[in-house]
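I have placed the structure first, in the form of structure tokens, so that the comments after it can refer back to it.
Hydrogens, waters and symmetry mates play no part in the numbers below; they use all other heavy atoms, side chains included.
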Amino acid sequence: MESELRGFNTKPSKTPQPDPTHDDASSRDDRPLLTSVSNVLELEKKCAAYFRNDVYGAMGRGELPLMEKLQLGIAFVTLLPLRIILVMTVLVVYYLICRICTLFSVPNHGEGQEDYAHLGGWRRTVILPSGRFLSKTLLFLVGFYRINETHNGSKNSQENSKTAGTLQPDEPEQRPGAIVSNHISYLDILYHMSSSFPSFVAKRSVANIPLVGLISKCLGCVYVQRESKSSDFKGVSGVVTDRVCKAHQDEYAPKILLFPEGTTTNGDYLISFKTGAFLARAPVVPVILKYPYQRFSPAWESVTGVRHVVFLLCQFVNHVEVTWLPVYYPSQLEKDDPKLYANNVRRLMASEGNLILSDIGLAEKRIYLATLNGNNSMPSVLRQKDD
């Protein structure tokens, strides 16, 4: 990380720089990484896709107006406990449903994965509809009382599709292999579960989380095993490509949801796409998520997990807008060049969603988060706006 930070005119340190292992929160470090306000503003500009613009500020530690403090205090003692109880109740109910449906069933094993996505018959009939319904219930309980969905077949979308990938008139309609979505919050997964109940990529540790672990296995999640360097594993991209191919070819195979950005943004930007979703050369369904807000942004950026959940549950009403674009069918050029395929889908999503394109990625995000955690005065400085 020291080499990455040199571009921001940092002072060298004799001790190693922190290496955050979580995309959305970093360990505390009191050593300042930037030495001047000009460097701070430079980093803020470069990492604008990760900057929080809400009332709560960077890291959720901004100085709140008196009225906001009163609203937060009232919600903390009334709304928060009620929502926690109701959310946990729904989670336990669905866990029990999954536990009953997987009794006497052996999970799939292979390539470092373990799941129950192969279950069929009455088990799948129970797991899918109940999962969608209870996911919608969870969204309602945390304040998403109405989901604004748009299925966009606009002229702009069609013209963009014609310039890149398209379905030829003499070809039969094909099943999409994956849903590709911009990534803003853990709430993205909850929405997609309520809509299509797809598999998704998750850290290996998710499989061991109480309640959530079994549910993720029933979803058929692809687990990331970063610590393994064994040649026995084909890698996450190989597993993902296989899943995309199966979903494309088999109507009974579980759908798979992929976030090509690989990390979350503040919702105003679309950062560089990874090619994993496009290696299978199968059609994809682009989806654009937005979370309009006035006080606290549901975007999961510099705020720690617990703090984010508390603030979210203390917000009386939350909003989400979803735009489903038409199935994107890759041209032969895009099939031969996954990077071209990914970039064309990215440009289409940015155009349809009025999102700003940015070429930064996870490396810059880690620098930004490490900076926020290593400089106690950073949040107050970053809240300053350019006149």
Side-chain angles (χ1 to χ4, degrees), residues 22-26 43-65 67-76 79-80 83 87 138-148 181-192 259 261-271 287-323 349-350 353-358 360 362 364-365 368-369 371-373 378-386:
H22 196 288
D23 293 349
D24 303 283
S26 304
L43 181 60
E44 174 191 337
K45 182 177 180 180
K46 182 178 179 64
C47 300
Y50 309 127
F51 179 69
R52 293 187 68 87
N53 297 294
D54 63 2
V55 175
Y56 287 75
M59 300 179 70
R61 297 177 182 272
E63 184 62 33
L64 301 178
M67 184 57 66
E68 182 65 26
K69 291 181 179 179
L70 290 175
Q71 291 179 347
L72 184 61
I74 294 172
F76 188 83
L79 194 60
L80 178 63
R83 281 180 167 175
V87 166
L138 285 176
L139 285 172
F140 184 86
L141 292 177
V142 299
F144 292 92
Y145 304 123
R146 182 173 178 271
I147 298 175
N148 186 6
S181 172
N182 63 322
H183 199 12
I184 304 173
S185 173
Y186 51 84
L187 296 164
D188 304 346
I189 295 173
L190 196 56
Y191 163 73
H192 283 289
F259 299 109
E261 294 169 290
T263 188
T264 56
T265 68
N266 59 16
D268 296 326
Y269 288 77
L270 205 59
I271 61 174
V287 180
I288 304 164
L289 299 173
K290 289 189 174 183
Y291 296 91
Y293 65 90
Q294 292 182 343
R295 297 163 50 221
F296 178 72
S297 170
W300 192 23
E301 280 310 314
S302 56
V303 185
T304 59
V306 174
R307 181 179 289 266
H308 189 280
V309 170
V310 169
F311 288 159
L312 181 75
L313 295 183
C314 285
Q315 190 153 252
F316 293 94
V317 180
N318 291 294
H319 304 277
V320 60
E321 296 176 353
V322 187
T323 301
M349 292 175 65
N354 294 319
L355 301 173
I356 304 170
L357 290 174
S358 175
I360 63 175
L362 182 57
E364 288 82 1
K365 183 175 186 177
Y368 180 64
L369 295 182
T371 303
L372 290 181
N373 281 279
M378 187 70 66
S380 60
V381 174
L382 287 178
R383 287 197 301 276
Q384 296 177 359
K385 301 291 184 181
D386 293 333

Inset, instruction - Side-chain contact test, heavy atoms from C-beta onward, threshold under 4.5 Å: evaluate it for Tyr291 versus Phe144 and give yes or no. - result: yes
Inset, instruction - Could you pull out the closest heavy-atom pair between Asp54 and Ser297, with the gap in Å? - result: OD2-N, 2.9 Å
Legend entry - Separation of Thr265 OG1 from His183 NE2 (nearest 0.5 Å): 9.0 Å
Legend entry - Minimal non-hydrogen separation, Gly267 against Ile184, with atom names: CA-CD1, 3.7 Å
Legend entry - salt bridge (charged side-chain N to carboxylate O under 4.0 Å, His left out) assessment of Glu261 paired with Lys365: CA-CA 12 Å; Glu261 294 169 290; Lys365 183 175 186 177; over 6 Å; no
Legend entry - Whether Arg52 side chain and Ala58 backbone form a donor-acceptor pair below 3.5 Å: no
Legend entry - Stepwise side-chain contact (heavy atoms from CB on, under 4.5 Å) test for Asp268 and Asn53: CA-CA 10 Å; Asp268 296 326; Asn53 297 294; 4.0 Å; yes
Inset, instruction - Looking only at non-hydrogen atoms, find the nearest pair between Leu369 and Ser302 and report the distance. - result: CD2-CA, 3.8 Å
Legend entry - Leu270 and its side-chain contact (heavy atoms from CB on, under 4.5 Å) partner, picked from Asn182, Ile356, Ile288: Asn182
Inset, instruction - Check whether any side-chain heavy atom of Val142 lies under 4.5 Å from a side-chain heavy atom of Leu313, and answer yes or no. - result: yes
Legend entry - His192 and Leu289, any side-chain heavy atoms less than 4.5 Å apart: yes
Legend entry - Exam field: side chain Ser185 to backbone Pro298, donor-acceptor pair closer than 3.5 Å: yes
Legend entry - Donor-acceptor contact present, side-chain Asn266 to main-chain Ala48, <3.5 Å: yes
Inset, instruction - Check whether any side-chain heavy atom of Thr323 lies under 4.5 Å from a side-chain heavy atom of Val287, and answer yes or no. - result: no
Legend entry - Lys290 (side chain) donor-acceptor with Gly353 (main chain) under 3.5 angstrom: yes
Inset, instruction - Determine, stepwise, if the pair Leu357 / Tyr269 fulfils side-chain contact (heavy atoms from CB on, under 4.5 Å). - result: CA-CA 6 Å; Leu357 290 174; Tyr269 288 77; over 6 Å; no
Inset, instruction - Can you spot which of Leu138, Val320, Leu312 makes a side-chain contact (heavy atoms from CB on, under 4.5 Å) with Leu187? - result: Leu312
Inset, instruction - Apply the side-chain contact (heavy atoms from CB on, under 4.5 Å) test between Glu301 and each candidate in Tyr50, Phe51, Tyr368; give the one that qualifies. - result: Tyr50
Inset, instruction - Look up atom CG in Asp188 and atom CH2 in Trp300, then write down how far apart they are to the nearest 0.5 Å. - result: 11.0 Å
Inset, instruction - Kindly compute the distance separating CD (Gln71) from SG (Cys314), expressed to the nearest 0.5 Å. - result: 11.0 Å
Inset, instruction - Check whether more than 12 heavy atoms from other residues, nucleotides or ligands sit under 6.0 Å from atom CZ of Phe316, and answer yes or no. - result: yes
Inset, instruction - Would you indicate whether the side-chain heavy atoms of Ile189 and Phe259 approach each other to under 4.5 Å? - result: yes
Inset, instruction - Go through the steps to decide whether Ile147 and Tyr191 satisfy the test side-chain contact (heavy atoms from CB on, under 4.5 Å), and finish with yes or no. - result: CA-CA 9 Å; Ile147 298 175; Tyr191 163 73; 3.9 Å; yes
Legend entry - Beyond-backbone contact of Leu64 with Tyr56, side-chain heavy atoms, under 4.5 angstrom: yes
Legend entry - Test item: Arg146 and His319 side chains (from C-beta on) under 4.5 Å apart, heavy atoms: no
Inset, instruction - Evaluate the side-chain contact (heavy atoms from CB on, under 4.5 Å) criterion for residues Val310 and Leu80: first the C-alpha distance (whole Å), next the side-chain angles of each, then the deciding distance (0.1 Å), finally the verdict. - result: CA-CA 7 Å; Val310 169; Leu80 178 63; 4.1 Å; yes
Legend entry - Set of residues satisfying side-chain hydrogen bond (donor to acceptor under 3.5 Å, both in side chains) with respect to Asn318, sequence neighbours excluded: Gln315
Legend entry - Exercise: do Tyr186 and His308 side chains pair donor with acceptor under 3.5 Å: yes
